[in-house]
Amino acid sequence: MTSASLGLRSSGSYGSLQQQQFQNGGSPFLASPPVPPRKPPKLFKEKEGLFLWICKFAPRKKIGMMLLCVVSAAVFLWVLYVGKGEDTQELIMSTNSGVFPPDTGQIRHIDSIEKNDVGKIASIESPPPPPLTYFKGYVLPPGNPCEGFTLPPPPADKKRTGPRPCPVCYLPVEQAIALMPDAPSFSPGVSSLTYIHEENLSKSEFGGSEFGGYPSLMQRNDSYDVRESMSVHCGFVRGARSGHQTGFDIDDSNLLVMESCRGVVVASAIFGAFDLIRQPQNISEYAKGNVCFYMFVDEETENFLKNSSELDSSMRIGLWRIAVVHNLPYDDPRRNGKVPKLLLHRLFPNARYSLWVDAKLELVVDPYQILERFLWRKNASFAISRHYRRFDVFVEAEANKAASKFDNASIDFQVDFYRKEGLTPYTRAKLPISSDVPEGCVIIKEHIPISNLFTCLWFNEVDRFTPRDQISFAIVRDKIREKTNWTLNMFLDCERRNFVIQGYHRDVLERWPPPPPPGAIAVVLPPPPVIDETLPNVSASSFVTSPVKKIPTKRGRERKSRRHRKVFPG
């Protein structure tokens, strides 16, 4: 081989080729002059030096392990960067085209991965993504009898001037069940709602309770600032689970069944044995098997039902499942009744719809027909009837004071507080709001964040001020409407009276005489004659009968047609 094919090394760890030849005693090649070595490029020199440096120090144990870790980390970051870039590009392309990939949760899952101390990978469970589709209502098909239904004029009965039911067009039960939405309604303004849990309670300026907490006025104002994610007071502040060691305690067996209700709930309550249980009528077999009918009672009402042989060990009376409430949070039965009335979404956290009916009312229409008529057909998430006579909060407050519904000074304080906050008397300028005073004995509700927020804030007003919920309804509604475009359905009171029949409280019914047994004929005897013993004994012949004069009836003057004489000129 020639030196040109071997080349000459100028430096190296083992010395150059020329130095080896001189050391072995050989003479240099004299036949041809040595070819000067080609100067390698600068970049090649740097790479070659880095490679030789690595080869020199790699055999050392610590430095070798460090280099191996650095190379592994670089490869891992490169793979992660390339994969994330491809997913991001795919997501951007799908967003621009309006089609989302089927599994968009992978990106959130990668972002939530973190390493623990031992190098293992642990994933944090992320909340499920919100649904991309919402229920937006529907239009009845052409030719449906309910499409162009209008209320007829009220009957002209001068003897009956009070409230009365009016016709309502319901769809058949099968059609109403088929129209039940598959997706929830859109919740404007708020999409995530959580509830405040407090163990150490401190009293605020005024109002509040151990059950609902003592939110300050600053916290109250902040709860009306509607935003996407909110945390508010909503009763049950002492426990992590509603109905378990929170006040208004319910047995765990009932709580498990209540949590399993995932469809429709019909609820009512009796406290202080104040009412009698009334069974729902005209309920379809589908509703009997799929709707949760719950009646909340206290221990006093439970003992009354057992003594009257209505309640046995099955804890059922007809369609109603009886749930006994222990450790009631209030001394006033009216305040205790507001807990299930306004906070059903907390007692039934997995239910989609609820129908609250006061215990004095008897439900006579299937729940699915009521939901279809007043929620789904109207594309509403909350429905309540307006008062049949009063539309103004200030007039309602005066009526409550006149009927001694509550302490007059407390009512005046509440109304003055609302007036300073901007509540004004109702006028036609508030249209399309049809009334400021509801008839709160029936509430129809879809359990979505905005409607749950409304009933939470409504309950907080009842807990802070008087239990007369008709007075606090309008201020809560108006404050939420200032921040969102949320609307509720306030239907006519006569429509409410179509699907519930109003009864009487137990104390009134007990004063009535018992009804006759079935099949018996009620005979009404005339009252006995009254004999005046002060009159002397006179024979019948001494009486002189005088002819009875016929009293002439007054007749109106007969109108006779008067013919005007025609006067001819001349």
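One-based numbering along the sequence shown.
- Side chains of Ser314 and Asp312: a donor on one and an acceptor on the other come within 3.5 Å.
- Judged by distance alone, the side chains of Asn452 and His447 never bring a donor and an acceptor atom under 3.5 Å apart.
- Ionic pairing of Asp412 and Lys401 is present here: one or more N-O contacts between side-chain nitrogen and carboxylate oxygen are shorter than 4.0 angstrom.
- The list of disulfide (SG to SG under 2.5 Å) pairs with a residue in residues 299-383, not counting sequence neighbours, is empty.
- Between Phe491 and Phe374, the two ring planes are tilted [angle within 30° to 60°].
- Here Asp416 pairs with Arg419 in a salt bridge; the nearest charged N to carboxylate O distance falls below 4.0 Å.
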Take Val232 and Leu193 through the side-chain contact (heavy atoms from CB on, under 4.5 Å) test and state the conclusion after the steps.
-> CA-CA 8 Å; Val232 297; Leu193 182 65; 3.9 Å; yes
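- Under the disulfide (SG to SG under 2.5 Å) criterion, no residue pair touches residues 170-211, with sequence neighbours excluded.
- For the residue pair Asn400 / Glu396, a side-chain donor-acceptor distance below 3.5 Å is found, with atom types taken as modelled.
- Aromatic ring orientation, Tyr195 versus His345: tilted (interplanar angle from 30° to 60°).
- Geometric assessment of Arg321 against the ring of Phe293 yields a negative cation-pi assignment under the 6.0 Å and 45° thresholds.
- Classification of the Phe211-Phe248 ring pair by plane angle, with boundaries at 30° and 60°, yields tilted.
- Between the side chain of Asn408 and the main chain of Ser404, no donor-acceptor pair closer than 3.5 Å is present.
- Note on Glu461 versus Lys479: no salt bridge recorded, every NZ/NE/NH1/NH2 to OD/OE distance being 4.0 Å or above.
- Using modelled atom types and a 3.5 Å distance limit, the side chains of Ser472 and Asp469 yield no donor-acceptor pair.
- By the salt bridge (Lys or Arg N to Asp or Glu O under 4.0 Å) test, Asp407 pairs with no residue at all, sequence neighbours left out.
- By the 30° and 60° cut-offs, the orientation of the rings of Tyr368 relative to Trp376 is tilted.
- Glu147 places a side-chain N or O within donor-acceptor distance of the main-chain N or O of Gly143, the cut-off being under 3.5 Å.
- When the salt bridge (Lys or Arg N to Asp or Glu O under 4.0 Å) test is applied to Asp436, the partners found at least two apart in sequence or on another chain are Lys430, Arg477.
- Atom CG in Asn460 sits 6.5 Å away from atom SG in Cys234 (nearest 0.5 Å).
- Partners of Arg346 under the salt bridge (Lys or Arg N to Asp or Glu O under 4.0 Å) rule, at least two apart in sequence or in another chain, do not exist in this structure.
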Show your reasoning for whether ring-ring contact (aromatic ring centres under 6.0 Å, His included) applies to Tyr170 and Phe499.
-> CA-CA 10 Å; Tyr170 302 103; Phe499 61 86; 7.1 Å; no
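- Ring centroids of Phe206 and Phe465 are separated by less than 6.0 Å, placing the two rings close together.
- Residues meeting the salt bridge (Lys or Arg N to Asp or Glu O under 4.0 Å) test with Asp222, sequence neighbours left out: Arg227.
- Counting only N and O atoms by type, the side chains of Tyr138 and Glu372 include a donor and acceptor under 3.5 Å apart.
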Salt bridge (Lys or Arg N to Asp or Glu O under 4.0 Å) assessment of Arg220 paired with Glu205 = CA-CA 11 Å; Arg220 175 182 178 272; Glu205 293 86 354; over 6 Å; no
